[in-house]
Amino acid sequence: MRINTLSELINLAEKRNQKISSIIKEQNAKEQGLSERQLFDKMEKIYQVMKQSAERGVFEQVHSMSGITGGEGYRLWLWQATKKGLSGSNVLKASARAMAVSNINASMGKIVAAPTAGSSGIIPGVIITVAEELKKRDEEAVDALFTAAAVGQIIAKNATLAGAEGGCQAECGSASAMAAAAAVELAGGSPRQVGHAVAFALKAVMGMVCDPVAGLVEVPCVKRNAMGAVQAMLAADMALAGIKSVIPPDEVIQAMGEVGRMIPEQLRETALGGLANTPTGKDIKKRCLNNL
Amino acid sequence: MDIFDIIGPVMIGPSSSHTAGAVRLGNLARNILGEEPEKARIILYNSFAETGKGHGTDKALVAGLLGFLPDDEKIKVSFEEAQKLGMKFELVDGGARPDLHPNTVEFYLEGKGKTTRVLGSSVGGGRVLIFSIDGFKTEFSGEFHTVITIHKDMPGMIAQVTTYLSKRKVNIAQMRVSREAKGEKALMIIETDETLPERVKEELEKYEGIYRVMVIGGRMD
């Protein structure tokens, strides 16, 4: 992609009076030598995998290989379906679905890395829920995935998407920003509002470390997927309400990358610090190694 | 990165490096052997040894040896599949090896007629590198179409192979040569942009001085 920054992308979308997803589809079709239809079909297949994993994880209690986590998506879904809850049904649905996908991931089930396996619940959780609420057809949800991908690509170019390089802010934070972007476009927001939503989501988790207990993609990953979905929903709402990020989105992305490089190695997926290094975290690790 | 590297790949969880990458490593080792493995000794090092089981790395490696792709839901039951398909395997904890990449595996494979030894690592985001084959130093990802020859170290061997490819309009993206010692066995890795000719293995193996040819068919997902 020739576009390197969000502002380039937003300016181009405004100039042409197009959605971000339209620009991305056109450019990528050209680059990959595919028709836009072929490109869309590829993404459509991916969306179906997302839907299948989210659905299975909310209706079935899915347990991880290690047994440390399981059933979180199921439990929160049941909660929103039977009680009113405090957060509102869309936020609860999005976060239940996010944990559902994360549960499937930890159980060796089929998921879409978006952008990574550890953060794979956030984008499906948000897009499926927003599309359902706004009664959008699958085609529109698939288009929104292109917008999410474009944001991810720009983050990869200017910062990082890897927990080992930038901590959890780079994985769940980026997923949350990508999901927020998709949600804004689905809801009919402007390209500029997409940019602000990206900034809000990333600013919320600036500096978040990657500290997986026993090195497994479970604690705290499953629950951070839920939180990432919530923040994406709120970031989208804030942007749609006309709130603007004081720090421009591209500068926020740069800052995330810079902060990532400052995070000590112990807190970048090595399972040596943070929650992994708590007494309970260490105990779980010991039990895991003995049991398996 | 391609947009489908950002939203994608479709894979079996939980980890791109410890699960999807492990399947790819198994796949590459199988391709290097060039036939169905009947017996496999799989040695896990460093993080693969330490957290591999919780990530299903063991199952993923075995699945790769069976030829499953990273999105195959049978990865979870690959041990049972191996039994059905008659592949015997043994997993060994190789412990800590600071000289190797954190996520490293070594395969000793036996097929009907052939054996091979392959060492490779999962280097992040599901990408992998093969660092040695039968003791020869290598470094390739398997993302390109790759042809590997083991041949006698003598003048003209490289020209023979590159001429063969150029005649078939195959462009070489990268190539590397290493050898045991002058005049002994040498190994050549050629990564190409185009699909390799269908009979490349059979045809190159007819050349004098070429002992063995391995073909790896580009990205597997």
Side-chain angles (χ1 to χ4, degrees), chain A residues 1 24-25 28 31-32 39 42-43 45-47 49-50 53 64-66 68 101-102 104-118 120 123 145-146 148-153 155-157 161-162 164-165 174 178 212 214-218 221 269-271 285 288-289 291-292, chain B residues 1-23 44 46-63 68-80 91 93 95 101-103 122-127 193 219 221:
Chain A
M1 188 171 66
I24 296 305
K25 274 192 291 184
N28 277 276
E31 268 171 37
Q32 302 190 22
L39 203 70
K42 227 170 143 180
M43 196 63 99
K45 282 204 187 97
I46 285 175
Y47 186 56
V49 175
M50 285 182 169
S53 57
S64 70
M65 302 292 290
S66 69
I68 303 169
V101 175
S102 210
I104 298 280
N105 182 56
S107 77
M108 288 193 90
K110 196 193 275 193
I111 54 98
V112 180
T116 59
S120 57
I123 292 173
L145 278 177
F146 283 98
V151 170
Q153 218 170 14
I155 297 175
K157 242 175 219 177
L161 298 171
E165 288 171 17
S174 298
M178 292 158 69
L216 301 177
V217 192
E218 296 195 49
C221 319
E269 217 180 279
T270 51
K285 182 178 176 181
C288 269
L289 294 181
N291 283 344
L292 289 165
Chain B
M1 278 206 276
D2 187 281
I3 48 169
F4 296 109
D5 289 324
I6 306 278
I7 303 276
V10 173
M11 58 170 270
I12 298 301
S15 159
S16 54
S17 55
H18 285 69
T19 319
V23 177
L44 293 92
N46 300 333
S47 170
F48 262 15
E50 201 180 318
T51 68
K53 280 187 179 162
H55 282 121
T57 305
D58 45 1
K59 293 179 175 157
L61 292 166
V62 168
F68 299 173
L69 297 181
D71 67 346
D72 194 325
E73 287 184 284
K74 291 199 304 282
I75 291 170
K76 198 173 174 174
V77 292
S78 68
F79 289 3
E80 292 81 354
L91 289 145
D93 182 344
H101 185 279
N103 303 321
S122 182
V123 297
R127 283 179 300 277
D193 294 325
R219 245 181 104 141
D221 56 352

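Proteins get letters first, then strands, A, B, ... in listed order; numbering begins at 1 in each.
Using a 4.5 Å cut-off between heavy atoms, A:Leu161 contacts chain B through its side chain alone, with no backbone atom that close. Neither the backbone nor the side chain of A:Ala162 comes within less than 4.5 Å of any heavy atom in chain B. Only the side chain of A:Ile123 comes within contact range of chain B, with at least one heavy atom under 4.5 Å from a heavy atom of that chain. Both the backbone and the side chain of A:Met43 come within less than 4.5 Å of a heavy atom in chain B. For chain B, no part of A:Ser174 is nearby; none of its heavy atoms comes within less than 4.5 Å. Only the side chain of B:Thr19 comes within contact range of chain A, with heavy atoms under 4.5 Å apart.
Note that CD1 of B:Ile7 is 13.0 Å distant from NZ of A:Lys42, once rounded to the nearest 0.5 Å.
Under the rule for a side-chain hydrogen bond (donor to acceptor under 3.5 Å, both in side chains), the partners of A:Gln32 that lie at least two apart in sequence or sit in another chain are B:Asp2. For A:Ala164, the side-chain contact (heavy atoms from CB on, under 4.5 Å) criterion is met by A:Glu269, not counting sequence neighbours.
Put simply, the side chain of A:Met65 does not reach to within 4.5 Å of the side chain of B:Pro14, judged on heavy atoms. The closest side-chain heavy-atom distance from B:Ile3 to A:Gln153 is below 4.5 Å.
Heavy-atom pairs under 4.5 Å with chain B peak, among A:Asn105, A:Val112, A:Ile155, at A:Asn105. For the set A:Gly152, A:Pro115, A:Gly109, the count of heavy-atom pairs under 4.5 angstrom toward chain B peaks at A:Gly109.
A:Phe146 and B:Phe4 have perpendicular rings, their planes meeting at more than 60° on a 0 to 90° scale where under 30° would count as parallel.
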